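Okay, structure first, notes after.
For clarity, every value in this text was computed on a predicted model and none was experimentally measured. Just follow the structure's listing: the first ligand is 1, and inside any ligand the first atom is 1.
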Amino acid sequence: MTTTKETRAFQTEVKQLLDLMIHSLYSNKEIFLRELISNASDAADKLRFEATTDDALFEGDSDLHVYINIDKDNRTITIRDNGIGMSRDEVIEHIGTIARSGTKEFFGRLSGDQEQDAHLIGQFGVGFYSAFLVADKVTLTTRRAGLEHEHGVRWQSAGDGEYEIETVEKQGRGTEITLHLREEADEFLDSWRLKSIIHKYADHIPFPIRMLGTPLPAAEGEEEKPAEVETVNQASALWTRSKSDLSDEEYNNFYKHIGHDFEDPLAHLHQRLEGKYEYTLLLYLPKRAPFDLWQAEAKHGVKLYVRRVFIMEATEDLLPRYLRFVRGVMDTNDLPLNVSREILQQSPAMDAMKKGATKRVLALLEEMAEKASATSEADETADTEKNTDFADFWAEFGNCLKEGIIEDAGNRERIAKLLRFATTTTDEQSVSLGDYCARMLEGQETIYYITAESLAAAKHSPHLEVFRKKGIEVILLHDRIDEWLTSHLTEFDGKKLQSIAKGELDLSGIGENAEQEQKEHEEKARAAEPAVKKISEALGDKVKEVRISDRLTESPACLVSDQFDMSSNMERILKQAGQNIPDMKPILEINPDHELVMRMAKMRSKEKIADYASILFDQAVLAEGALPEDPAGFVRKINALLTQQ
Ligand code: ADP
Ligand code: MG
């Protein structure tokens, strides 16, 4: 055992963090208390969980609490818990280093808005250092539950780049943090001030936070009565209280605590479910996506409790990955406390909770979507304000929900109804598949979509020409995930979804003049046959086929993929991701109505035909938002044409 005093340097990042924190949060110092109480509460949670399999850890004291003491003479505040504590190695690991990888990102995300940044500190797991907002010296004494008294640890630092650590004797288990206040932090020596901060941030912490009350003034001739210890916070698990007892403010404050968010949530659901399994859900939808939503190791924000004992942060066993933005708590009586997490994760109760919670979240979203459409319908007649909650949700998390189509086949239909798209009638992602179907033209049986690299590329694609002409709505898809989405969502409400850039298109029978149009088209197609032949010979095996198009009204040509081939957009995405995929040969479709095509039908010179065919092909590539194989060659040929007399 080493009792020697050691001086160690902080990790460089910690030093940077401390400097930054002190400079950026000086007017929001009070959050130090929230962070230290939150750590004490985590420590109590951990002890209670470990003690479920090893009762001796309680050392005969199971009254878990936090005690806060003010010493005006020495200008210190002490925050003491009897939670799990730390060993010497744990102190070195947790206090003085930043474990999580996102430090750089953290620095990048600091906004200068103090309230916002204060919450980032919680999100990034660097809350302890907020002690230095108010203290110029911090002393932490701790002993891990289960270790002998002589294995206590004292850690001390002035926040100037290094800390001292030594092994000491400590009677009670847990952690005691003494803050030697800076002069400008005097306000926190006032117990009223501290109590009001505790109410603000820690009412819902399920452990009592105790402080010395104000001593009663002595009556004449009597001795002053010593002040009594009182519990400052509500100290009950918020989700166990009944809905009618809880105010929006209480719900919101709890969310801010567990979600490490500075904004109120967008919506919440609080339900007690009874049936084969009994459990309580308190789940929130945030207003904004957390920083790591699109990172592979994105944190899940739902906590599992069993009989109010914290068990673990949720994983995919508790809520599917596509709902990883949900924050909150699930608590059940139907899981054993004293088994391993692995066994818990395989239990049927857990499975039932996951299914139940997923359903409730989807129901909440359905309710929000309904409210939005009810108010938008009312819009025209009354002056009700439009409810934008669902639109706001969709803007932040819509792409996550799309993953659900792929991940959660069981709920595919429900999720499909919640999807919102931009279409040829609106740039806003606001059209549901239901809306689309309701607007389908007479004779239309298919839901049409196009995928492209961006909304602009989708909107201006030549593939849309005939749809515009006939007034058929087309869904515009331009998110990466859409290619996967459409490969899993092939039908909605009995109607097929079809890419307008794939396979043969049969729009005959849709619209009013369908028959007449079809006849005219066939005639023109016959006239263009010679052009097809010439272009096909000129392009050789650059294309799979050259054929007359049904899609074009303005452009001379476009590229299409075979019905079961990968779309060119998908091909591009995979290539960008460095995947080795064989080149797909596209089909070149030409517009028999176009002047250029008509001219080509009459051309004789092989050389000229070759140049025209190559330009036609490269144009079609450009219109897809891609680059021709030989851009310089393309430019040369165009210029030759432009300068021809
Ligand atoms: P976070 O709480 O997000 O992990 P903090 O900077 O607040 O980040 O705390 C860092 C770590 O220090 C905690 O994860 C925990 O392991 C340890 N720690 C801090 N305070 C305590 C405490 N009162 N009791 C036990 N461990 C603590
Ligand atoms: Mg913390």
Side-chain angles (χ1 to χ4, degrees), residues 10-11 13-18 20-22 25 31-51 57 64-69 77-103 105-106 117-135 138-147 151-157 159 163 165 170 172-179 201-202 205 207 209-210 256-261 290-292 299-301 303 310 312-313 327:
F10 281 133
Q11 201 189 3
E13 285 89 340
V14 177
K15 243 163 75 187
Q16 282 178 329
L17 177 84
L18 280 172
L20 230 152
M21 189 135 71
I22 289 165
L25 294 176
I31 59 140
F32 82 93
L33 195 57
R34 176 188 75 195
E35 294 301 326
L36 296 182
I37 290 176
S38 149
N39 285 350
S41 154
D42 288 349
D45 270 338
K46 281 181 202 155
L47 176 68
R48 200 153 64 168
F49 178 67
E50 284 193 21
L57 288 177
L64 296 175
H65 66 272
V66 183
Y67 184 78
I68 299 179
N69 191 49
I77 300 174
T78 301
I79 296 137
R80 187 175 74 216
D81 68 64
N82 57 354
I84 192 74
M86 283 177 273
S87 66
R88 186 176 175 120
D89 286 348
E90 284 169 329
V91 172
I92 294 171
E93 197 188 323
H94 298 310
I95 311 278
T97 40
I98 304 177
R100 287 203 20 219
S101 49
T103 332
E105 187 160 3
F106 171 69
D117 291 348
H119 280 272
L120 274 182
I121 282 168
Q123 261 181 34
F124 278 83
V126 290
F128 173 78
Y129 303 104
S130 64
F132 289 101
L133 286 174
V134 295
V138 176
T139 312
L140 173 148
T141 316
T142 185
R143 175 169 66 79
R144 197 175 201 294
L147 294 183
H151 291 289
V153 186
R154 173 168 302 134
W155 178 101
Q156 188 158 294
S157 174
Y163 62 86
I165 187 165
K170 186 174 186 298
R173 63 151 196 272
T175 304
E176 182 177 305
I177 296 171
T178 300
L179 308 173
Y201 295 117
I205 297 256
F207 302 96
I209 298 167
R210 295 181 187 146
K256 287 178 183 167
H257 164 71
I258 51 157
H260 292 297
D261 201 349
F291 73 96
D292 60 358
K299 252 182 36 187
H300 283 247
K303 292 182 168 177
F310 171 69
M312 61 179 190
E313 294 283 345
R327 300 284 178 261

Indicate whether the side chain of T139 and that of Q156 have a donor and an acceptor atom separated by less than 3.5 Å. yes
F310 six-ring centre to K46 NZ/CZ under 6.0 Å and within 45° of normal: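 Judged by the rule (NZ or CZ under 6.0 Å from the ring centre, within 45° of its axis), K46 is not positioned above F310.
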Is the Mg ion (ligand 2) less than 2.8 Å from at least one N/O/S atom of S38? no
For ligand 1, which atoms have a heavy atom of I95 less than 4.0 angstrom away? 12 (O)
Are any of the N/O atoms on [X], whether in the backbone or the side chain, positioned under 3.5 angstrom from an N/O atom of ligand 1?
| X | result |
| --- | --- |
| E35 | no |
| I177 | no |
| Y129 | no |

Please state whether M86 comes within less than 4.0 angstrom of ligand 1, counting heavy atoms only. yes
Paired with L179, the side chain to side chain contact (heavy atoms under 4.5 Å, CB included) test is passed by just one of T78, L140, L36, L133, namely L36
Could you tell me whether R144 and E50 make a salt bridge, using a distance below 4.0 angstrom between a side-chain N and a carboxylate O?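 Between E50 and R144 there is a salt bridge, with a charged N closer than 4.0 Å to a carboxylate O.
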S38 to H257 - nearest heavy-atom pair and separation: CB-CE1, 4.3 Å
